Student: 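Take this structure first; my questions come after.
Keep in mind that this is a model prediction, so the values were computed, not measured. Chain identifiers are assigned alphabetically (A, B, ...) following the order of the sequence lines, protein sequences preceding nucleic acid strands; residue numbering begins at 1 within each chain.
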Amino acid sequence: MSAVKQYSINLLAWYDDHRREFEWRDRGMTPYQIWLSEVMLQQTGTKTVTPYYLRFIARFPTVAALAEAEPGEVLKLWAGLGYYARGRNLHRAAEMVMAEFGGEFPDQESLLLRLPGVGTYTAAAIAAIAFDRRAVVVDGNVERILSRYFAVEEFLPQAKPRLRELAEQVTPQLRNGDFAQASFDLGATICRPRNPDCGHCPLRRDCRALAMDAVESFPKKGPKPQRPQRFGTVFWLEDETGNLLLRHRPPQGLLGGMVEIPSSEWQAVRPNGQVVTDEFFYKQLEWQETGITVSHVFTHFALELQVIRAFTAQALVVEPPWFWARREELPHLALPSLFRKVIKQMERF
DNA sequence: TATTCGTGGTT
DNA sequence: TAACCAAGAAT
């Protein structure tokens with residue numbers, strides 16, 4: 001038997017005994033639930049996703065319920081999960097399912113791909129897992145497993161076309177959802193990026209990287225670009241009752257559509273004194289140093305924010321996108337983790 | 001094709 | 001502990 005044919009046979013047999021349990025797995029999951037979980041799981045760990053998934057299903061049990069929600073409420077529930085374009089696209093996709101697909105998710109990859117936030121991987125995963133359609137599901141796990149199994153010398157991401165070819169060859173005609181999820185489980189528990197557990201791997205007999213005793217050297221990758229450091233100043237403005245001045249961010253770009261504590265621009269150089277943005281009334285206030293610094297790491301840059309504080313009269317009226325928020329409602333706003341860190345530090349202050 | 005887009009877990 | 005990484009998509 002060839003290594004290609006043995007692949008799915010051995011992997012599925014292993015899966016029958018070693019499959020993991022998740023809230024979005026089995027129990028007659030609807031396509032809506034599979035879609036929601038797949039979007040949440042994009043570049044996000046299962047442990048992180050689980051509580052978010054449960055909250056979403058409780059609040060929006062169906063795609064119809066999600067489509068009827070306010071986009072802002074979706075972002076509130078998404079706050080802290082990251083990659084907020086996913087949250088924005090989630091609501092648009094729900095509306096599209098209602099308007100263009102009669103409230104039912106399509107079972108073809110080509111149609112699933114029309115949904116915002118559903119790309120090549122996610123369309124294939126939904127087709128396979130929700131509808132048991134044969135689909136070539138290639139995620140980071142599959143790329144890592146295949147690059148080892150076939151000892152692919154080409155570097156990522158250039159190797160992607162070759163890895164897709166190999167995935168096409170090893171993907172079986174039956175048990176499509178199981179095969180995809182078996183790959184996830186193997187990649188997470190056995191064929192890990194570091195410290196792979198090759199002794200328990202169902203594919204070890206035909207794994208070329210293992211035969212070379214070089215499993216961890218696959219997949220081949222180039223060096224990562226280093227993260228630039230940026231600096232900014234947060235303007236913590238309270239009124240007499242402790243209400244906090246906040247602002248809605250523009251709908252696109254970094255943290256798009258989320259709520260922020262206003263800050264200066266994020267520059268490449270550390271400010272060498274007090275920075276007060278030229279923002280309408282800001283210059284009129286007496287800003288105090290707090291000595292509080294908040295560090296945060298984004299995907300493509302690191303950020304260090306210093307917090308300065310001022311007080312103003314309760315009667316100060318602001319217009320959108322500015323707004324005042326009571327301290328008790330802060331936990332329920334669409335605040336990204338960066339600004340929750342600021343709040344947590346200031347509460348200790 | 002190369003960048004831009006978060007965050008928390010893990011080592 | 002700094003670095004790596006995760007069930008990638010959009011532009």
Student: Which part of the nucleic acid, if any, lies within contact of A/V297, taking any heavy atom under 4.0 Å across all strands shown: a base, the sugar-phosphate backbone alone, or nothing?
Tutor: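 A/V297: base contact, heavy atoms under 4.0 Å.
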Student: Expressed as a whole number of Å, how far does the P atom of C/dA7 sit from that of B/dT3?
Tutor: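 The same atom, P, in both gives a distance of 24 Å.
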Student: Quickly work out the A/L303 CG to B/dG6 C1' distance and round it to whole Å.
Tutor: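 For the pair A/L303 CG and B/dG6 C1', the rounded distance is 12 Å.
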Student: List the residues meeting salt bridge (Lys or Arg N to Asp or Glu O under 4.0 Å) with A/R59, not counting sequence neighbours, and say none if there are none.
Tutor: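 For A/R59, the residues satisfying salt bridge (Lys or Arg N to Asp or Glu O under 4.0 Å) (neighbours in sequence not counted) are A/E73.
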Student: Is the distance from the ring center of A/H300 to that of A/F298 below 6.0 Å?
Tutor: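 Ring centroids of A/H300 and A/F298 are no less than 6.0 Å from each other.
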Student: Run the salt bridge (Lys or Arg N to Asp or Glu O under 4.0 Å) test against A/R348 and tell me which residues pass, sequence neighbours left out.
Tutor: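 With sequence neighbours excluded, A/R348 shows a salt bridge (Lys or Arg N to Asp or Glu O under 4.0 Å) to no residue whatsoever.
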Student: Which of these nucleotides, C/dC5, B/dT11, C/dA9, is closest to any side-chain atom of A/N195?
Tutor: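 Per side-chain heavy atoms of A/N195, the pick is B/dT11.
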Student: Need to verify one output field. Residue with the more 5' nearest nucleotide on DNA chain B, A/Y52 or A/F301?
Tutor: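 The residue closer to the strand's 5' end, by nearest nucleotide, is A/F301.
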Student: Of the listed nucleotides (C/dA10, B/dT10, B/dC5), which one gets closest to any side-chain atom of A/H300?
Tutor: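 For A/H300, the side-chain atoms sit closest to B/dC5.
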Student: Mind checking if A/P116 touches a base, just sugar-phosphate, or nothing, with heavy atoms under 4.0 Å?
Tutor: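 Counting heavy atoms under 4.0 Å across all strands, the contact made by A/P116 is with sugar-phosphate only.
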Student: Please list, chain by chain and in numerical order, all residues satisfying ring-ring contact (aromatic ring centres under 6.0 Å, His included) with A/H200, sequence neighbours excluded.
Tutor: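 So A/H200 forms no ring-ring contact (aromatic ring centres under 6.0 Å, His included) with any residue.
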Student: Among the nucleotides B/dG9, C/dA6, B/dT7, which one has an atom lying closest to any side-chain atom of A/P193?
Tutor: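 Nucleotide nearest to A/P193's side chain: C/dA6.
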Student: Assign each of A/R194 and A/Q158 to its nearest nucleotide of DNA chain B by heavy atoms, then name whichever residue's nucleotide is nearer the 5' end.
Tutor: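 Between the two, 5'-proximity favours A/Q158.
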Student: Do the side chains of A/E143 and A/K160 get close enough for a salt bridge, i.e. N-O under 4.0 angstrom?
Tutor: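 Salt bridge: yes.
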Student: How are the rings of A/W24 and A/Y53 set relative to one another: parallel (under 30°), tilted (30 to 60°) or perpendicular (over 60°)?
Tutor: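 Aromatic pair A/W24/A/Y53 classed perpendicular.
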Student: Between C/dA9, B/dG8, C/dC5, spot the one nearest the side chain of A/K224, thanks.
Tutor: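 Between C/dA9, B/dG8, C/dC5, the one nearest the side chain of A/K224 would be C/dC5.
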Student: Between A/Q42 and A/K221, who's closer to the 5' end of DNA chain C by nearest nucleotide?
Tutor: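 Its nearest nucleotide lies further toward 5', so the answer is A/K221.
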Student: So, under a plain 3.5 Å distance rule, would you say the side chain of A/T299 forms a donor-acceptor pair with the base of B/dG6?
Tutor: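 Between B/dG6 and A/T299, which were checked side chain against base, a qualifying N/O pair under 3.5 Å is present.
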Student: Could you state the CD1-P distance from A/I126 to C/dA9, rounded to the nearest angstrom?
Tutor: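 Value for this atom pair: 10 Å.
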Student: Sequence neighbours excluded, which residues qualify as side chain to side chain donor-acceptor pair (under 3.5 Å) partners of A/R86?
Tutor: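 Once residues adjacent in sequence are excluded, the partners of A/R86 under the side chain to side chain donor-acceptor pair (under 3.5 Å) criterion are A/T44.
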Student: What's A/G187 touching, base or sugar-phosphate or nothing? Going by heavy atoms closer than 4.0 Å.
Tutor: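 Nothing, no nucleic acid heavy atom in range.
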Student: For A/E286, is there an ion pair with A/R309 - N to carboxylate O distance below 4.0 angstrom?
Tutor: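 No.
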Student: Starting from C1' on B/dG8, measure out to CG on A/L338 and report it in whole angstrom.
Tutor: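 Going from A/L338 (CG) to B/dG8 (C1'), I get 14 Å.
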Student: Using a cut-off of 4.0 Å on non-hydrogen atoms, how would the nucleic acid contact of A/S183 be classed: base, sugar-phosphate, or nothing?
Tutor: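 Since no nucleic acid heavy atom lies under 4.0 Å of A/S183, the category is nothing.
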Student: Taking the minimum atom-to-atom distance to the side chain of A/Y83, which one of C/dA7, B/dG6, B/dT7 wins?
Tutor: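 Nearest nucleotide to the side chain: B/dG6.
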Student: Could you check whether the side chain of A/T44 and the base of B/dG6 have a donor-acceptor pair of N or O atoms closer than 3.5 Å, going by distance alone?
Tutor: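 Under the 3.5 Å cut-off, the side chain and the base do form a donor-acceptor pair.
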Student: Quick check for you: among B/dG6, C/dA7, C/dC4, whose closest atom lies nearest to any side-chain atom of A/R144?
Tutor: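 When the side chain of A/R144 is considered, C/dA7 is the closest of B/dG6, C/dA7, C/dC4.
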Student: So if I take every side-chain heavy atom of A/F298 and compare against B/dG9, C/dA7, B/dG6, which nucleotide ends up nearest?
Tutor: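 Taking heavy atoms from C-beta onward, the closest nucleotide is B/dG6.
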Student: Among residues 250-268 of chain A, which contact DNA chain B at a heavy-atom distance under 4.0 Å?
Tutor: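 Here the set is A/G253, A/L254, A/L255.
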Student: According to a strict under-4.0 Å criterion, is A/H296 in side-chain N/O contact with OP1 or OP2 of B/dT7?
Tutor: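 Answer is yes, contact under 4.0 Å.
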Student: Could I get the full list of ring-ring contact (aromatic ring centres under 6.0 Å, His included) partners for A/F323, not counting sequence neighbours?
Tutor: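 A/H248.
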Student: Given C/dA6, is OP1 or OP2 found less than 4.0 Å from the side-chain N or O atoms of A/Q43?
Tutor: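 The answer is no; no side-chain N or O of A/Q43 sits under 4.0 Å from OP1 or OP2.
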Student: Measure the distance from CG on A/L186 to P on C/dA6 and round it to the nearest whole Å.
Tutor: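 My rounded result for the distance is 14 Å.
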Student: Grab the CG-P distance between A/L335 and B/dG6 for me, whole Å please.
Tutor: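 Spelled out: CG on A/L335 to P on B/dG6 is 14 Å.
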Student: Which one, C/dC5, B/dT7, C/dA7, comes nearest to the side chain of A/T46?
Tutor: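 So the nucleotide nearest the side chain must be C/dA7.
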Student: Determine the contact category for A/W24: base if any of its heavy atoms lies under 4.0 Å from a base atom, sugar-phosphate if only primed atoms, P, OP1 or OP2 are that close, otherwise nothing.
Tutor: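 Base contact.
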Student: Starting at CG of A/L81 and ending at P of C/dA7, how long is that distance when rounded to a whole Å?
Tutor: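 It works out to 15 Å between those atoms.
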Student: Among C/dG8, C/dA7, B/dG8, which is the nearest nucleotide to the side chain of A/T48?
Tutor: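 Out of C/dG8, C/dA7, B/dG8, the nucleotide with an atom closest to A/T48's side chain is B/dG8.
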Student: Given atom CZ of A/R86 and atom C1' of B/dC5, what is their separation to the nearest angstrom?
Tutor: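 Atom-to-atom, A/R86 to B/dC5, this comes out as 10 Å.
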Student: For C/dA9 and A/T122 - does any side-chain N or O of the residue sit under 4.0 Å from the phosphate oxygens OP1/OP2?
Tutor: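 For C/dA9, OP1 or OP2 has a side-chain N or O of A/T122 closer than 4.0 Å.
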Student: Would A/W78 and A/Y52 count as a close aromatic pair, with their ring centres under 6.0 Å?
Tutor: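 Distance test on ring centres: not under 6.0 Å, no.
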Student: Side chain of A/Y84: nearest nucleotide among B/dT4, C/dG8, B/dG6?
Tutor: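 My answer, after comparing the listed nucleotides, is B/dG6.
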Student: To the nearest Å, give me how far apart NZ (A/K47) and C1' (B/dG8) are.
Tutor: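 So the NZ-C1' distance, A/K47 to B/dG8, works out to 10 Å.
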